Amino acid sequence: MAYFLLVTGNAGFFGALSLVAGMLLTAAAADQAAARTAVAECVVVKVFGEHKEAIVDGGLDTTLYHHTLRCPGGYPSTMARDRRLAPDGGTIRVAYDPRRRVNPAVEGANSPWLPGFLAVVTLAAATMGARRVSLRWSRPVPEPTPRRAGRARRMF
């Protein structure tokens, strides 16, 4: 409600879209973090890296590490990350959703605080920018003042 009191016109519409998108992203991050309610200590059976070359010249090549896991209860059995989490035979603590709605993650790796903070900063900046544009558009343009007719000079 405060947003619509501060911002008017087209800037208000586009700002409202970014506001809704930011709130949905924040809710999704919090929901994903909250969904991983179970934690298991898993043994890394084997890790193999899959090298992916950049599509364009000058791009970065990446390696995706596939971890084969042995966890109590049999789930999760695999996890892929951009870095090696543990050597073969090592252990890692994995947070997962027993209902399997989201992918497993290393315990503590997914925190909703950083995405939430970034969403608040982004939305505040969008609101301030939209407010500035809104104020500029809503100011009346002053009418030009007519020139006074001056005394005519005699050229003799």
Side-chain angles (χ1 to χ4, degrees), residues 1-140:
M1 181 67 176
Y3 184 85
F4 289 106
L5 293 174
L6 292 172
V7 182
T8 60
N10 290 339
F13 172 74
F14 290 110
L17 284 178
S18 66
L19 180 70
V20 169
M23 287 193 297
L24 287 174
L25 288 170
T26 302
D31 181 53
Q32 189 175 14
R36 293 182 179 98
T37 57
V39 177
E41 186 140 343
C42 302
V43 175
V44 177
V45 177
K46 185 175 181 169
V47 179
F48 70 94
E50 176 185 5
H51 183 75
K52 296 187 178 201
E53 292 186 25
I55 296 173
V56 295
D57 288 340
L60 296 175
D61 293 350
T62 58
T63 302
L64 184 63
Y65 293 95
H66 297 275
H67 299 77
T68 304
L69 305 174
R70 186 175 54 239
C71 300
Y75 182 79
S77 59
T78 61
M79 210 161 70
R81 293 292 180 264
D82 60 348
R83 63 183 177 87
R84 181 183 283 262
L85 300 173
D88 293 353
T91 60
I92 56 172
R93 291 184 54 84
V94 178
Y96 66 96
D97 178 20
R99 294 169 43 189
R100 301 178 187 195
R101 294 174 294 173
V102 294
N103 291 331
V106 176
E107 182 183 35
N110 289 354
S111 171
W113 294 110
L114 180 61
F117 174 73
L118 293 176
V120 167
V121 169
T122 302
L123 294 173
T127 302
M128 287 187 294
R131 175 73 174 149
R132 175 171 282 163
V133 170
S134 175
L135 286 175
R136 190 176 314 143
W137 286 350
S138 65
R139 285 188 203 137

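Remember, predicted model here, so these are calculated numbers, not experimental data.
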Worked verdict on Leu69 versus Ile92 for side-chain contact (heavy atoms from CB on, under 4.5 Å): CA-CA 9 Å; Leu69 305 174; Ile92 56 172; 4.0 Å; yes

Straight-line distance of Lys52 NZ to Asp61 CG, nearest 0.5 Å: 12.0 Å

Reported NZ-to-OG1 distance for the pair Lys46 and Thr68, which is rounded to 0.5 angstrom: 7.5 Å

Closest heavy-atom pair and its distance - [X], [Y]:
| X | Y | answer |
| --- | --- | --- |
| Cys71 | Pro76 | SG-O, 3.1 Å |
| Ala86 | Val44 | CB-CG2, 3.9 Å |
| Leu64 | Asp82 | CD1-N, 4.3 Å |
| Thr78 | Pro104 | O-CG, 4.3 Å |
| Arg84 | Val47 | NH1-CB, 3.6 Å |

CA sep, side-chain torsions, deciding dist, call: Leu85, Val106, side-chain contact (heavy atoms from CB on, under 4.5 Å): CA-CA 8 Å; Leu85 300 173; Val106 176; 3.5 Å; yes

Backbone N/O of Met79 and side chain of His67: donor-acceptor pair under 3.5 Å: yes

Geometric class of the Tyr75/Tyr96 ring pair [parallel <30°, tilted 30-60°, perpendicular >60°]: perpendicular

Heavy atoms from other residues, nucleotides or ligands near CZ of Arg93 exceed 12 (cutoff 6.0 Å): yes

